[in-house]
2 protein chains.
Amino acid sequence: MFSIGELSKRTKVKVPTIRYYEEMGLLAEAERTSGNQRRYDKEGLERLSFIRHARDLGFSIEAISSLIELQDHPDRSCEAATDIAVSQLADVRAKIKRLKLLEKELTRISKGCDGHGVSEDCYVLASLADHELCEREH
Amino acid sequence: MFSIGELSKRTKVKVPTIRYYEEMGLLAEAERTSGNQRRYDKEGLERLSFIRHARDLGFSIEAISSLIELQDHPDRSCEAATDIAVSQLADVRAKIKRLKLLEKELTRISKGCDGHGVSEDCYVLASLADHELCEREH
DNA sequence: TCTTGAACCTCTAGTCACTAGAGACATTAC
DNA sequence: GTAATGTCTCTAGTGACTAGAGGTTCAAGA
């Protein structure tokens with residue numbers, strides 16, 4: 001049994017974040033010492049590692065909730081789990097697509113001005129003021 | 001002179017968002033009718049278009065504030081403007097990089113399970129539980 | 001056993017860039 | 001004149017935390 005600070009060190013999840021996850025129902029309410037401090041065991045560690053890994057991969061708290069539901073019922077179909085992963089993947093791909101468009105536009109805009117002039121003539125400012133100067137939609 | 005609703009239509013920025021920008025100091029306080037409703041002119045329209053375009057490109061409210069500062073002082077050096085654009089670009093590139101790593105990992109994870117089994121054997125859940133199963137850092 | 005200092009507790013509020021809703025007032029079209 | 005639509009301010013909610021206040025508990029050393 002170890003404290004929340006120890007759990008934090010082992011998982012690299014900050015202490016207030018652990019408490020937050022508990023409040024959100026991702027972590028079961030921890031056992032307490034007589035002095036009301038939380039104590040964790042291996043199971044708590046594993047569950048928090050799961051949560052952290054999923055968060056690192058960009059899954060929302062809500063999605064993780066569903067995944068944990070499934071984890072707790074080993075007999076259920078895992079269709080929902082793959083659905084969640086696939087939709088997260090689609091999400092990531094959509095974000096990449098959009099960011100690539102932004103990257104192109106920002107590259108173009110940044111190159112348009114060397115920063116040595118005055119703001120009246122600045123291509124960066126002109127580009128922002130006038131969407132027509134953009135080469136494509138973003 | 002036109003109303004906030006009209007401005008909203010022309011710029012595709014929602015009415016509460018316009019009010020929010022005013023509160024944040026991005027838009028000057030609008031003139032009012034005798035009945036206290038906001039009225040805008042061409043200048044207001046142009047400034048809001050600028051803001052919207054910059055937001056679309058992912059600039060923060062704070063960054064836009066600085067850009068507007070510069071716009072209002074045409075004689076100043078535009079170095080700060082290019083700095084902001086370049087740093088925004090770096091930000092976008094960093095995000096793309098990270099998302100690409102996530103994409104790879106999620107693709108691998110998603111492919112590992114067809115969704116037809118039970119959750120106990122699900123590779124998606126196993127992958128999330130054990131970072132060691134990942135091929136690279138993300 | 002006592003003391004000290006670090007770690008822990010709960011609670012509230014702040015972050016960012018909005019969005020939603022309530023309840024009241026203004027404008028516009030007919 | 002009336003009815004419908006638009007606008008006003010204000011408060012609270014979103015997601016996923018983070019920061020801080022003010023108080024309590026724990027573990028280690030004297």
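Small disclaimer: the values here were computed from a predicted structure and weren't measured. Note on naming: letters A, B, ... go to the chains in the order of the sequence lines (proteins, then strands), and numbering restarts at 1 for each one.
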Got a list of protein N/O to nucleotides 3-6 of chain C N/O distances below 3.5 Å?
none

Next on the checklist: Both conditions, 6.0 Å and 45 degrees, for the charged tip of B:Arg10 above the ring of B:Tyr40: are they met here?
Outcome noted: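 Verdict for B:Tyr40: no cation-pi partner in B:Arg10.
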Item to check | Audit row: A:Phe50, A:Leu67, side-chain contact (heavy atoms from CB on, under 4.5 Å) steps and yes/no | outcome: CA-CA 10 Å; A:Phe50 179 96; A:Leu67 292 169; 4.0 Å; yes
Item to check | Test side-chain contact (heavy atoms from CB on, under 4.5 Å) applied to B:Ile4 and B:Arg19, step by step | outcome: CA-CA 9 Å; B:Ile4 196 169; B:Arg19 291 198 273 250; 3.6 Å; yes
Item to check | Integer-rounded Å distance: C:dT28 C1' and B:Phe2 CZ | outcome: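 Checked: the CZ to C1' distance equals 18 Å.
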Taking the side chain as everything from C-beta on, heavy atoms only, tell me whether [X] gets closer than 4.5 Å to [Y].
X        : Y       : value
A:Ser66  : A:Ile84 : yes
A:Leu128 : B:Leu57 : yes
A:Glu31  : A:Met1  : yes

Checklist entry - Using 4.0 Å as the upper bound for N to carboxylate O, is an ion pair formed by B:Glu69 and B:Arg76? => result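 Salt bridge flag = yes for B:Glu69 with B:Arg76.
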Next on the checklist: Taking B:Arg93 first and then A:Glu103, would you say they form a salt bridge - that is, a charged N and a carboxylate O separated by under 4.0 Å?
Outcome noted: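 Between A:Glu103 and B:Arg93 there is a salt bridge, with a charged N closer than 4.0 Å to a carboxylate O.
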Checklist entry - So where does chain A start and stop touching DNA chain D, 5' to 3', when the test is distance under 4.0 Å to a non-hydrogen atom? => result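 Footprint of chain A along DNA chain D, 5' to 3': D:dA16 to D:dC26.
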Next on the checklist: Looking at A:Glu6, I'd like to know if its CD atom is crowded, meaning that more than 12 non-hydrogen atoms belonging to other residues, nucleotides or ligands lie closer than 6.0 Å.
Outcome noted: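 Yes, because the 6.0 Å sphere around CD of A:Glu6 holds more than 12 heavy atoms from other groups.
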Next on the checklist: More than 12 heavy atoms of other residues, nucleotides or ligands under 6.0 Å from CD of B:Glu22: yes or no?
Outcome noted: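 Atom CD in B:Glu22 is packed in, count exceeds 12.
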Check each residue of [range] for a non-hydrogen atom within less than 4.0 Å of any atom in DNA chain C, then write out the ones that pass by number, or none.
range                     : answer
residues 32-44 of chain B : B:Thr33, B:Gly35, B:Gln37
residues 11-28 of chain B : B:Lys14, B:Thr17, B:Tyr20, B:Tyr21
residues 50-60 of chain A : none

Checklist entry - Without hydrogens or angle criteria, can the side chains of B:Arg52 and B:Thr17 be said to hold a donor-acceptor pair below 3.5 Å? => result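 Judged by distance alone, the side chains do not pair up.
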Checklist entry - For B:Arg47 and B:Tyr21, does a side-chain donor sit closer than 3.5 Å to a side-chain acceptor? => result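 No pair is found: no donor N or O on one side chain lies under 3.5 Å from an acceptor on the other.
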Item to check | Smallest separation among heavy atoms of B:Leu70 and B:Ala80, with atom names | outcome: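 Closest heavy-atom pair between B:Leu70 and B:Ala80: CD1-CB, 3.8 Å.
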Item to check | With A:Thr11 via side chain to side chain contact (heavy atoms under 4.5 Å, CB included) - residues at least two apart | outcome: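 Residues passing side chain to side chain contact (heavy atoms under 4.5 Å, CB included) with A:Thr11: A:Leu7, A:Val13, A:Leu45, A:Leu48, A:Ser49.
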Item to check | Single-linkage hydrophobic cluster, 4.5 Å side-chain cutoff, A:Ile18 and A:Ile61 together | outcome: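 The answer is yes; both residues are in one hydrophobic cluster.
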